[in-house]
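Keep in mind the model is a prediction, meaning the values are calculated, not measured. Reminder, nothing fancy here: chain letters follow the sequence lines and each chain counts from 1.
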Protein chains: 2
Amino acid sequence: MGETQAAPEPWAEVPARLRARGLRWTPQRRTLLAVLAETRGHVTGAELVERCRTLDPATIPSTVYRTLDVLEDLGIVRHAHGLDGREEFHVLPAADHGHLSCSGCHGTWDVDADDAAALVAVLAERRGFRVDLSHLSVAGLCKGCASER
Amino acid sequence: MGETQAAPEPWAEVPARLRARGLRWTPQRRTLLAVLAETRGHVTGAELVERCRTLDPATIPSTVYRTLDVLEDLGIVRHAHGLDGREEFHVLPAADHGHLSCSGCHGTWDVDADDAAALVAVLAERRGFRVDLSHLSVAGLCKGCASER
DNA sequence: GATGCTATTGCAACATGCTGCAACAACTGC
DNA sequence: GCAGTTGTTGCAGCATGTTGCAATAGCATC
Ligand SMILES: [Mn+2]
Ligand SMILES: [Mn+2]
Ligand SMILES: [Zn+2]
Ligand SMILES: [Zn+2]
């Protein structure tokens, strides 16, 4: 396929990165990677399973979740948790960021490194704690929903 | 126990507070309240179901979870989510606080209002967002685990 | 290209919750 | 006390993952 790859797609390197760790490149992983390559922003695990099934109806959920664990180790995806605790994956996050969600309207926004800087600094100074920003998910009421009360 | 009990046990008032809202005081709710009255700190939902079963083996999980929802409305309990997204309830939180957990050793600590003040202020100023501190749960590496790498 | 090591898969079972619905039972008002 | 209203319960089924285990199949090596 004479496709021109605009950016240095990291997807092409995944098989080699897996093998370098003694891991394997399987058809099931190929399917998930194909799905992820077309995904932007945040997706739930269940959604990824569903999309894999459109490529390969024989997709097994546990295989997808286990592969997501591996990919998270490689830094290809990151996850946080929505208001209900459900996993939300972020594919190839351009910039590290946390998540903000409104329990009133269920809107979501990103918390960039700058927004979180103060909290990160406080916890680092006071406890030597290193915050995982990508896993951070802050709940509350957005401007609109807060004024409604 | 020379400590002054500022407020009388709130448990005694629960039946009345329920009825005031048109809700009901049932044996199942009595059981859960009995469990909560003996609980300090954080507990998972599953743990509460288990403890209810020791008082009443006929306890049904969905009833417990639905009652927890009601009690959260009343402000008797609050919940956040652990690293894995599982619910963790806090009974009668003395002071509003968030949660800090280490993904290395699974240790947990409280994030008090002062620790979180900077983040809360930033989100309020920049977006008019009102943070729900009790639902906040920050992940990362504690001092010990961070230095191990 | 065949071989062997072992990572990975598929499957079944389990864990933790949530939801729809019909039967039941607190409470209110008489 | 009794009846009616309607909030609750129990139950079955679903949603989202996780885990143990035996069978399978990558892939490094020859
Ligand atoms: Mn929540
Ligand atoms: Mn997590
Ligand atoms: Zn909102
Ligand atoms: Zn730690």
Side-chain angles (χ1 to χ4, degrees), chain A residues 14-33 35 42-53 55-74 77-89 103 106 135 137, chain B residues 14-33 35 42-53 55-74 77-89 103 106 135 137:
Chain A
V14 171
R17 292 185 61 195
L18 287 171
R19 291 190 192 108
R21 292 193 178 200
L23 306 180
R24 294 169 191 177
W25 181 236
T26 67
Q28 294 82 355
R29 290 181 175 175
R30 203 185 315 268
T31 300
L32 177 54
L33 266 285
V35 165
H42 304 89
V43 224
T44 66
E47 237 159 13
L48 289 172
V49 170
E50 209 43 57
R51 293 187 197 174
C52 281
R53 277 209 225 270
L55 291 189
D56 174 7
T59 297
I60 302 297
S62 61
T63 297
V64 173
Y65 289 115
R66 284 189 283 220
T67 299
L68 284 168
D69 283 346
V70 171
L71 295 178
E72 195 151 8
D73 268 352
L74 295 186
V77 301
R78 314 248 67 176
H79 84 270
H81 299 269
L83 280 176
D84 51 6
R86 215 166 300 170
E87 288 184 320
E88 309 211 320
F89 288 89
S103 51
H106 290 132
H135 192 275
S137 147
Chain B
V14 171
R17 292 186 59 196
L18 287 172
R19 291 190 190 108
R21 291 194 178 198
L23 306 180
R24 292 168 192 179
W25 182 235
T26 67
Q28 294 82 355
R29 290 180 176 175
R30 203 183 317 266
T31 301
L32 178 54
L33 267 284
V35 166
H42 303 88
V43 224
T44 67
E47 239 158 12
L48 289 172
V49 169
E50 208 44 57
R51 293 187 198 175
C52 282
R53 279 208 224 270
L55 291 189
D56 173 8
T59 298
I60 302 298
S62 62
T63 297
V64 173
Y65 289 115
R66 283 188 283 220
T67 299
L68 285 167
D69 282 346
V70 170
L71 295 178
E72 196 152 6
D73 268 352
L74 295 186
V77 301
R78 314 248 66 176
H79 84 270
H81 300 269
L83 279 177
D84 52 5
R86 216 166 297 169
E87 287 183 320
E88 308 211 323
F89 288 90
S103 50
H106 289 131
H135 192 274
S137 153

Using a 4.0 Å heavy-atom cut-off, write out nucleotides 19-30 of chain C from 5' to 3' as B (base contacted by protein), S (sugar-phosphate only) or - (no contact).
BB----BBS---
For B/Leu68 and C/dG17, give me the distance from atom CG to atom P, rounded to whole Å.
9 Å
Produce the list of close N/O pairs, under 3.5 Å, pairing protein atoms with atoms of nucleotides 15-17 of chain D; give distances to one decimal.
unit_1: D/dG17; atom_1: OP1; unit_2: A/Glu87; atom_2: N; d: 2.9
unit_1: D/dG17; atom_1: OP2; unit_2: A/Ala46; atom_2: N; d: 3.4
unit_1: D/dG17; atom_1: O5'; unit_2: A/Tyr65; atom_2: OH; d: 3.2

For atom CG of A/Asp73 and atom P of C/dA7, their distance in whole Å:
14 Å
Which angle, rounded to 10°, do you find between the first-five-pair axis and the last-five-pair axis of the helix from C/dG1-D/dC30 to C/dC30-D/dG1?
20°
Interatomic distance where CZ belongs to A/Arg21 and P belongs to D/dC27 [whole Å]:
16 Å
Contact check, side chains of A/Asp73 and A/Arg21, non-hydrogen atoms, under 4.5 Å
yes
Within the 4.5 Å heavy-atom criterion, are B/Arg51 and B/Val43 side-chain neighbours or not?
yes
Rounded to whole Å, CD1 of B/Ile60 lies from P of C/dT16 at a distance of 16 Å
In this structure, how many angstroms lie between the C1' atom of D/dT8 and the CG atom of B/Asp56, rounded?
15 Å
Check whether any side-chain N or O of A/Gln28 sits under 4.0 Å from OP1 or OP2 of D/dA25, and answer yes or no.
no
Testing B/Val35, B/Val64, B/Leu48, B/Thr59 for side-chain contact (heavy atoms from CB on, under 4.5 Å) with B/Arg53, which one passes?
B/Thr59
To the nearest 0.5 Å, how far apart are OG1 in A/Thr63 and CD in A/Gln28?
6.0 Å
Are side-chain heavy atoms of A/Val70 and A/Leu18 found at a separation under 4.5 Å?
yes
Protein-nucleotide distance (B/Arg30, atom CZ; D/dT9, atom C1'), rounded to Å
15 Å
Is the B/His79 ring parallel, tilted or perpendicular to the B/Phe89 ring (thresholds 30°, 60°)?
tilted
To the nearest Å, give me how far apart CG (B/Leu33) and P (D/dT8) are.
13 Å
Qualifying residue for side-chain contact (heavy atoms from CB on, under 4.5 Å) with A/Arg78, from A/His42, A/Glu72, A/Glu88
A/Glu72
Taking the side chain as every heavy atom from C-beta outward, state whether B/Val49 and B/Tyr65 have any pair of such atoms under 4.5 Å apart.
yes
Distance in Å, A/His106 NE2 paired with A/Asp84 CG, rounded so as to fall on 0.5 Å steps
7.5 Å
Within the structure provided, determine whether B/Arg24 and B/Arg19 are in side-chain contact (heavy-atom separation under 4.5 Å).
no
Which heavy-atom pair separates A/Leu83 from B/His81 by the least distance, and what is that distance?
O-NE2, 2.9 Å
Protein-nucleotide distance (A/Arg29, atom CZ; C/dG10, atom P), rounded to Å:
11 Å
